[in-house]
Structure formats: C-alpha cells, structure tokens
Amino acid sequence: MNLENIIRDVPDFPNKGILFKDITTLLQDGKAFHKALDQMLKNYLDVKIDKVLGIEARGFIFGGAMAYELGCGFIPARKPGKLPYHTIHEQYILEYGSSALEIHDDSIQAHEKVLIVDDLLATGGTALAAAHLAERLGGEVVGMEFLIELGFLRGREKLANYKVNSLITC
Ligand code: AMP
C-alpha cells in the first residue's frame, strides 16, 4: 500500500495557487490510517517521551493516537482564544500574513521530553512556533514527526536544530 497515492491533492484550496494535501482520504481508510500511525511511531518506541504536542487541527488526529500508543500525555497547541485557562502565545510568519499558537502554561514541566506532531511540514513556521512554546516552559523537543513534507519549501532548514522526520516527501 502506497500512502502517498491515498492522499488527495486539491488544487487552489484554500487560496488560488495552493495545492492542498487532503489527508481525509487516508483517515477514512482504516488500513492506511493504521499504517501511517505505525510508521510515524516507529522512531519513538524506545525513546522516553513525556508529552506529544499536536498542532491544531490535523496534528490532533495523529498526535492523539500516538500519545495513546506511547502511553504519554497529549498537549493541544491551539489557535488564539480557544484554550480556556492561562496560556502562552507564540506568533509566527506565514507566506501571507501571520498566525499564532497557544498552549496552557501548565502543560509542560521543566525537562520534560516533548514530541511535536503535525500532518504536514510546509515552510516550518508552525512547527518552529510549537517548539518555542514547549521550550519556553522548559521542555526539551526530542523530535518532530510529520506525515507529509513539502520538500520544495525547505521547512527542514528552519528546523535545523531539531530531529525532523516525515513519511512522505512531495
Ligand atoms: P508551515 O508553517 O508553512 O510549515 O505550514 C504547516 C501548517 O499548515 C500545517 O499545520 C499544515 O496542516 C498546513 N498546511 C500548509 N500547507 C499545506 C498544504 N499544501 N496542504 C495541507 N496543509 C497545509
């Protein structure tokens, strides 16, 4: 089974010129979803992970399942205004404009090992902001795991200080 063929390309979504990688076609195929998770987990089965930090929203799907399998905690990194308690906030630059992520300020204890998970690595700005949030609370980012990497955007270069892994490079 080739996971890349199961992901649907949607041209011009959400904006003209963007080729959107639609993972819902993979999620709705039980065998494909299972295989993707097994492969995303394989580098961490023998690594101490205290928390998986999943990035809103598709990072919750993979990150939540990975945290369950690893027997560790899960932290949702959310868009501003969504989390109910005290948060820390990190702004980052997008191709056009900017965005931000927040986590609860008690979600990571000093020296905890954090694995960052999202569905897709593009320019790397989102994952870098997530790493900064974890580090501001004293966490140690032990890895970043993505299903898909858009290699031509060279997000990996922005994340050169981290151990980055992706299953599918487009
Ligand atoms: P970036 O910060 O540029 O690495 O963007 C990564 C975030 O944007 C991830 O949360 C992705 O889900 C989303 N994203 C960016 N580009 C695409 C794309 N072409 N298809 C699907 N999702 C994307």
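As the structure lists them, so they are numbered: ligands from 1, and atoms in each ligand from 1.
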Is there a nitrogen or oxygen of [X] sitting under 3.5 Å from a nitrogen or oxygen of ligand 1?
| X | answer |
| --- | --- |
| Tyr92 | no |
| Leu19 | yes |
| Ile18 | no |
| Thr123 | yes |
| Ala127 | no |

Going by heavy atoms, is Gly124 under 4.0 Å from ligand 1?
->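 Yes; Gly124 lies near enough to ligand 1 that a heavy-atom distance drops under 4.0 Å.
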
Test item, Ile23 contacting ligand 1 (heavy atom, 4.0 angstrom) =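 Judged by the 4.0 Å heavy-atom criterion, Ile23 does not count as contacting ligand 1.
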
[X] [atom1] to [Y] [atom2] distance, which is reported to the nearest 0.5 Å:
| X | Y | atom1 | atom2 | answer |
| --- | --- | --- | --- | --- |
| Ile88 | Ser107 | CD1 | OG | 7.0 Å |
| Leu45 | Glu69 | CG | CD | 7.5 Å |
| Gln39 | Leu3 | CD | CG | 5.5 Å |
| Ile61 | Ile23 | CD1 | CD1 | 5.0 Å |
| Ile103 | Thr87 | CD1 | OG1 | 9.5 Å |
| Lys113 | Tyr44 | NZ | OH | 14.5 Å |

Min side-chain heavy-atom separation Glu140-Val114 under 4.5 Å =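 No, every pair of side-chain atoms sits at 4.5 Å or beyond.
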
Taking NZ, NE, NH1 and NH2 as the nitrogens, is one of them in Arg78 or Glu102 under 4.0 Å from a carboxylate oxygen of the other?
->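 The answer is no: the pair does not qualify as a salt bridge.
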
Salt bridge present between Arg156 and Glu149 (N-O < 4.0 angstrom) |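 The answer is yes: the pair qualifies as a salt bridge.
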
Protein heavy atoms: any of them under 4.0 Å from atom 4 (O) of ligand 1?
->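 So far as the 4.0 Å threshold goes, atom 4 (O) of ligand 1 is in reach of a protein heavy atom.
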
Nearest to [atom], what protein heavy atom do you find, and at what distance?
| atom | answer |
| --- | --- |
| atom 21 (C) of ligand 1 | Phe20 CE1, 3.3 Å |
| atom 11 (C) of ligand 1 | Asp119 OD1, 3.6 Å |
| atom 9 (C) of ligand 1 | Asp118 OD2, 3.2 Å |
| atom 8 (O) of ligand 1 | Thr126 OG1, 4.7 Å |
| atom 22 (N) of ligand 1 | Arg58 NH2, 3.3 Å |
| atom 16 (N) of ligand 1 | Leu120 CD2, 3.7 Å |
| atom 20 (N) of ligand 1 | Lys21 N, 2.9 Å |

Go through ligand 1 atom by atom and flag the ones less than 4.0 Å from a non-hydrogen atom of Leu150.
->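 Ligand 1 atoms under the 4.0 Å threshold to Leu150: 19 (N).
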
Carefully, step by step, assess Asp50 and Cys72 under the rule side chain to side chain contact (heavy atoms under 4.5 Å, CB included).
-> CA-CA 5 Å; Asp50 298 299; Cys72 70; 5.8 Å; no

